Amino acid sequence: MRASRAVVKYRVPILILALALLIPSFFGMVNTRINYDMLDYLPDDMDTVTGQNLLMEDFGKGAFSLIVVEDMPSADIRRTAEKLRTIEHVETVVCYEDLADPTIPKALLPESIYKEFNSGDSTLMAVFFDTSTSADATMDAIREVRSAVGKQCFVTGMSALVTDLKDLCEEEEPVYVALAVVCACAAMMLLLDSWLVPFVFLASIGMSILMNLGSNWFLGEISYITKALAAVLQLAVTMDYSIFLWHSYNEKRASTDDKYEAMAQAIHDTFVSVLGSSITTIAGFIALCFMTFTMGRDLGIVMAKGVLLGVIGCVTILPSLILLLDKPLQKTRHRALIPTGQGFAKWVVKVFPVFLVIFALLVAPAYYGYSKTNDGVYYDMGECLPQDIDYVIANSKLRDEFNIASTHMLLVNAKLPSRDVRAMKREMENVDGVKYVLSLESVVGSRVPEEILPESVTSILKSDRWELILINSEYRAASDLVNDQLDELNAILKKYDPSGMLIGEAGCMKDMIETTGHDFRVVNAVSIVLVFVIILLVEKSLSLPVILIAVIELAIFINLGLPHYLGETLPFIAPICISTIQLGATVDYAILMTTRYKQERAAGKDKREAVTIALSTSIPSIVTSGFGLFAATFGVAVYSNIDIVSSMCMLMARGALVSVVSVVFILPAMLMLLDAVVRHTTLDMKKKTTGGIE
């Protein structure tokens, strides 16, 4: 209570300090770099990542793009290539006109080279950059390339994807926050007992959000998914704590005329109440840090930090604002639209066997759908973009006109004999789906010695240590076909050069598929164990953690199982994150009801009365919190043109509703059924309750 009274006493300095902290927080937020490349989060020890680093070290090549040029004369193509070479960070431009160097007799050039670079009225150019795929400099260079080549040219590649993704995110993100604020505010105005208090909540939570986003500067950078979701998630998840404080304050004010003492007691009670629930939420986010695909750690750290700042803001900034605005807040109070639900609670408890049967019937189909979740996910980030965006249009042109869906790169030992390279190339060209293999040997065949080639040609594909070989594939990145193709190509490569490396977008995505498949299982297990231990310590019970997690896990199974039955596809990161987010964010509802149930049983109530009281008193907070989370995420889900953001928000919105329904209907039934088990496995509960009373 001493700390609570200190908050009340120093409410004005607390607000001044909070406002002062917003200034560095704003600059920290603005200066935090955003990473738009999902492949950047792969473990550093993978061959694909190591190979990308070697490509940069030995060839000065990082990002790579193919450009489709339509209806352009040969002379203009050469001029366009020269113009591209003048753009900062463009390291190499390769087109047919370059390979057909004047020093090489054109009669010696294989006809297949011409066919690979030309198709009807379209010509292909390859552009290498001296910066990494998602570097800011690369994205600037992509914009300059597009500007330089005009509307006749279409730029493909991961760098083009992240550039379009960044531009779209920056355009949409302010709308995300506005939608989340407006929808959450509307929900709270309808469900709370004051027209003004939602704006006070938003002011307090908004300060915590800005501080959280500003402190990300110390992390160096965050992913675009984290940036897009952090504010929305923090608003939705920490709204509970504000609701608890407001309800507690009004209860205390009804029994005391001293608003300052009422607030001190409310702060103390709220902190005790939300401590367990906030720790479970933090644990859910911390579980994401166990992913080897480190984007999970990125989101986990930011959101865990956000929840912690939300709790601190709830017991410091929010009480100060409420006391400052107490008069208008009390004048704008109205009757709550959500009734206490006494009659509804009695009905739920009366027919509880029905809900036990529903629970039993739902488990198998829900788990089956959930187990099939990963069968319906996609890894190609191009699928998360609108069909009319530049990158998607360019990729379609590349597939339609050249039958190229992805490009692989090989790094082979530069000392590997040319005959071995040619033999390896022939084997690789016979692999299903391989359209063409481009190496120094394929440029001039075996008729021209490498020594007479000009340095301008050899430097493109060979360094002192490595030779670079490009493979065009008819199969799309992240497809089963291309993954099988990569296995076959890698086997051939290792036969000729055990030190060789197969790299490129498709290879990285294959690694990502294998990595995140393992992460899905690990994160689920870690989140369940962490939440189990926390509930065990908070509730001092062996059985309650099992009951609570069973109820919320059923809600998760239903939420993530529905896409299988509805035929929906999800971005790969969504199931991994949503399972832990939903567990951490909505297990609070179950803890709230269970804590009240324990109190009533300890006070001597029979199990029916205890469960009825716990349900009726918890319904307003659970419904308000659940619909707040739904409102904050549903609007973003409907609006966003980025499928990865839209899908995750829709899953969170639906998950909130499913969790509310599960806790309101199934948890009371479980408590009724297992009351005796709970009493005998919960510390101090057995001796405080009357075992024979039903």
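None of these values were measured; they are calculated from a predicted model.
No more than 12 heavy atoms of other residues, nucleotides or ligands lie within 6.0 Å of OH in Y367, so this atom counts as exposed by the packing criterion. Within a 6.0 Å radius of CZ in R297, other residues, nucleotides and ligands contribute 12 heavy atoms or fewer. More than 12 heavy atoms of other residues, nucleotides or ligands sit less than 6.0 Å from atom OH of Y565. Within a 6.0 Å sphere centred on CZ of F244, other residues, nucleotides and ligands contribute more than 12 heavy atoms. Annotation for K259: atom NZ counts as buried by contact number, over 12 foreign heavy atoms lying within 6.0 Å. Other residues, nucleotides and ligands place no more than 12 heavy atoms under 6.0 Å from the CZ atom of F271.
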Check against side-chain hydrogen bond (donor to acceptor under 3.5 Å, both in side chains), S223 and T226: CA-CA 5 Å; S223 78; T226 300; 3.0 Å; yes
From CA spacing to verdict: side chain to side chain contact (heavy atoms under 4.5 Å, CB included), K346, R608: CA-CA 9 Å; K346 286 181 179 178; R608 185 175 297 274; over 6 Å; no
T270/Y241 under side-chain hydrogen bond (donor to acceptor under 3.5 Å, both in side chains): CA gap, chis, key distance, verdict: CA-CA 7 Å; T270 299; Y241 314 144; over 6 Å; no
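Formation of a donor-acceptor pair under 3.5 Å by the S248 side chain with backbone atoms of L245 is not found in this model. Judged by distance alone, the side chain of T256 and the main-chain N or O of R253 form no donor-acceptor pair under 3.5 Å. Not one N or O on the side chain of S659 forms a donor-acceptor pair closer than 3.5 Å with the backbone of A656. No side-chain donor-acceptor contact under 3.5 Å links E600 to the backbone of I613. For S618 (side chain) and L615 (main-chain N/O), no donor-acceptor pair under 3.5 Å exists by modelled atom type. Looking only at distances, no side-chain donor or acceptor of T238 sits under 3.5 Å from a matching main-chain atom of G310. In this structure, S204 contributes its side chain and F201 its backbone to no donor-acceptor pair below 3.5 Å. Although no hydrogens or angles enter the test, the distance criterion places no donor-acceptor pair under 3.5 Å between the side chain of S640 and the main chain of V636. Listed for the N559 side chain is a donor-acceptor partner under 3.5 Å among the backbone atoms of L651.
Ring geometry, W347 versus F665: the interplanar angle exceeds 60°, so the pair is classed perpendicular (tilted spans 30 to 60°).
For H564 and Y370, the distance between ring centers is not under 6.0 angstrom.
Considering NZ of K607 and OG1 of T612, their distance stands at 11.5 Å, rounded to 0.5 Å. We find the CD1-NZ distance between I222 and K227 to be 7.5 Å, quoted to the nearest 0.5 Å. The CE atom of M263 sits 7.0 Å away from atom CG of L318, with the distance rounded to the nearest 0.5 Å. Going from atom CZ of F285 over to atom CD1 of I282 covers 9.5 Å, rounded to the nearest 0.5 Å. To the nearest 0.5 Å, the span separating CG on D193 from OG1 on T624 amounts to 9.0 Å.
By the 4.0 Å N-to-carboxylate-O rule, R601 lies too far from D606 to be salt-bridged with it. A salt bridge links R5 with E261: the closest approach of a Lys/Arg side-chain nitrogen to an acidic carboxylate oxygen falls below 4.0 angstrom.
Judged by distance alone, the side chains of T594 and E539 never bring a donor and an acceptor atom under 3.5 Å apart. With 3.5 Å as the limit, one finds a donor-acceptor pair spanning the side chains of Y249 and D326. T682 and K598 form no side-chain donor-acceptor contact under 3.5 Å, judged by distance and modelled atom types alone. T681 and S543 share a side-chain donor-acceptor pair at under 3.5 Å.
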